[in-house]
Amino acid sequence: MSHRVNDEPGSTSKLRRRARSSESPDSPSGSWESLAAPAETVRIGNTPEPSEETQRYSPAERGPEWATSERSSSKPPKKPKKKQPFWRELLVIAVVAVVLTTVIQTFIARVFVIPSASMETTLHGCSECVNDKVLVDKITYLFGDPKPGDVVVFRGPPNWTGGQEPPNFFVGTVQDLGSMVNLSEPSGTDFIKRVIAVGGQTVECCDEQGRVLVDGKPLDEPYLNLPGEQKQEPFDKVTVPEGRIWVMGDNRNNSADSRRHGDPTPADGAVPISNVVGKARVIVMPVSRWQTISDHNPQGGN
């Protein structure tokens, strides 16, 4: 089938006339180049001007990620998150602080309040002064046993507490936290004393100079609090059972220690090592009393 060619009379002459008219200087279009020039892009409203890359590629060549980008750019901006009220932030901070304090005091270190004057003048616990608060290291004795001279905190055995049971974890924690700010009394089942002898050693008092003897040798005790011409109260020789420690207060004649709790036998006054909570390291309160706690070995060892 043949295609019909336009042979309308005068069509060629019309084209020639149009070409001549476009070349004339009076023509409004100016030249053929003006006819071939690209049309100016007209933007409607706030439509953004297409980028150079968008103009370079056709929609088919851009790929699905271009369409996704263009759609996402047309989404309205997200509203800023509403700020949490101050009381809620304060509550979160308080809860985190309590949790961290509980974890630290349970596994790493703990603050104890000195409840009595039995460790004067090393530690203040007298009725006329502000009770010292000491930081107790709970990690040291995971790697070794207490040594002579260590100041230790321990849970009192039944013959020390008169059968009083220690409070449960929650009550004990609240009570201890309250005692640190003088809102409650410290637990009555925890004690703090100095280690004098360990399992297998003998201990007795006194020699002619009023000194305690361990394995027959006098102790060097510069921390002792014996006002005036006081002498230590004598007691008979005791062999410390294995796995236990013999403890005494620095305020020697005003301390209910291993000498006072030997029931039914004097050796029962020794404290099981398993009851030891940790080693007292530093006085943390009051500020005027900041200092480390001496662990001078009275037996002369390191």
Side-chain angles (χ1 to χ4, degrees), residues 105-107 109-120 122-123 125 131 134 136-176 179 184-205 212 214 219 232-281 293 295 298:
Q105 293 215 62
T106 301
F107 301 104
R110 188 172 178 180
V111 175
F112 282 84
V113 179
I114 305 305
S116 70
S118 68
M119 286 294 291
E120 289 284 353
T122 303
L123 301 173
N131 295 41
V134 299
V136 176
D137 167 15
K138 304 183 76 172
I139 297 178
T140 295
Y141 296 139
L142 296 177
F143 306 99
D145 293 336
K147 299 177 181 179
D150 288 358
V151 176
V152 298
V153 170
F154 57 92
R155 297 183 300 274
N159 57 322
W160 280 68
T161 63
Q164 178 184 352
E165 292 293 330
N168 61 48
F169 176 80
F170 177 76
V171 173
T173 300
V174 172
Q175 189 174 12
D176 290 339
S179 67
S184 66
E185 292 295 324
S187 170
T189 59
D190 292 330
F191 299 83
I192 184 166
K193 305 291 181 187
R194 191 180 296 273
V195 179
I196 300 299
V198 297
Q201 293 185 316
T202 62
V203 57
E204 60 186 306
C205 189
V212 172
V214 172
L219 299 182
Q232 298 188 61
E233 298 176 8
F235 61 92
D236 294 333
K237 181 185 291 187
V238 178
T239 300
V240 182
E242 294 292 341
R244 294 185 175 229
I245 51 176
W246 186 269
V247 296
M248 300 172 75
D250 290 356
N251 192 2
R252 195 58 50 87
N253 290 342
N254 190 23
S255 173
D257 45 43
S258 290
R259 300 168 297 173
R260 302 282 191 270
H261 296 291
D263 183 28
T265 68
D268 290 313
V271 176
I273 291 177
S274 58
N275 282 41
V276 175
V277 174
K279 180 177 180 178
R281 294 283 190 181
I293 299 171
D295 58 357

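Only this structure's heavy atoms are used, side chains among them; waters, hydrogens and symmetry mates stay out.
- The shortest side-chain heavy-atom distance between Phe235 and Val203 falls under the 4.5 Å cut-off.
- Looking at Arg281 and Val134, their side chains never come closer than 4.5 Å, going by heavy atoms from C-beta outward.
- By the 4.5 Å heavy-atom criterion applied to side chains, Glu120 and Asn254 are not counted as neighbours.
- Using a 4.5 Å heavy-atom threshold, the side chains of Phe154 and Ser274 count as separate.
- Considering CG of Asp295 and OG1 of Thr140, their distance stands at 10.0 Å, rounded to 0.5 Å.
- Distance check, rounded to the nearest 0.5 Å: CG of Asp257 to CE of Met248 gives 5.0 Å.
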TODO: Show the numbers, then the answer: is there a side-chain contact (heavy atoms from CB on, under 4.5 Å) between Ile192 and Val153?
DONE: CA-CA 4 Å; Ile192 184 166; Val153 170; 3.9 Å; yes
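- For the atom pair CD1 of Ile196 and CZ of Arg252, the computed distance is 5.0 Å after rounding to the nearest 0.5 Å.
- A distance-only check finds a donor-acceptor pair linking the side chain of Asn251 to the backbone of Ala117 [under 3.5 Å].
- Taking both residues in full, the closest heavy atoms of Gln232 and Cys205 are given as CB-SG, 3.9 Å, listed atom of the first, atom of the second, then distance.
- Between Pro146 and Ile273, the closest side-chain pair of non-hydrogen atoms falls below 4.5 Å.
- Atoms NZ and CG, on Lys279 and Asp150 in that order, are 4.0 Å from each other to the nearest 0.5 Å.
- With hydrogens and angles disregarded, no donor-acceptor distance shorter than 3.5 Å links the side chain of Arg194 to the backbone of Val151.
- Closest non-hydrogen pair, Gly200 versus Glu242, comes out as CA-OE2, 3.6 Å.
- Evaluated for a side chain to side chain contact (heavy atoms under 4.5 Å, CB included) with Gln201, the options Thr239, Ile245, Val214 yield exactly one hit, Val214.
- Nearest approach of Ser258 to Gly269, heavy atoms of both residues: OG-O, 3.0 Å.
- A donor-acceptor pair under 3.5 Å is formed between the side chain of Asn131 and the backbone N or O of Ile114.
- Remark: Asp190 CG to Phe112 CZ distance equals 5.0 Å, nearest 0.5 Å.
- Counting only heavy atoms from C-beta outward, the side chains of Val152 and Tyr141 approach each other to under 4.5 Å.
- Closest of all the heavy-atom pairs between Val198 and Pro148 is CG1-CD, 4.0 Å.
- Taking 4.5 Å as the limit, some side-chain heavy atom of Pro157 sits within range of a side-chain heavy atom of Asn275.
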TODO: Tell me, with the steps shown, if Asp268 and His261 meet side-chain contact (heavy atoms from CB on, under 4.5 Å).
DONE: CA-CA 7 Å; Asp268 290 313; His261 296 291; over 6 Å; no
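- Between Val195 and Lys147 the shortest side-chain heavy-atom distance does not fall below 4.5 Å.
- Here the CZ-OG distance, from Arg260 to Ser118, works out to 11.5 Å after rounding to the nearest 0.5 Å.
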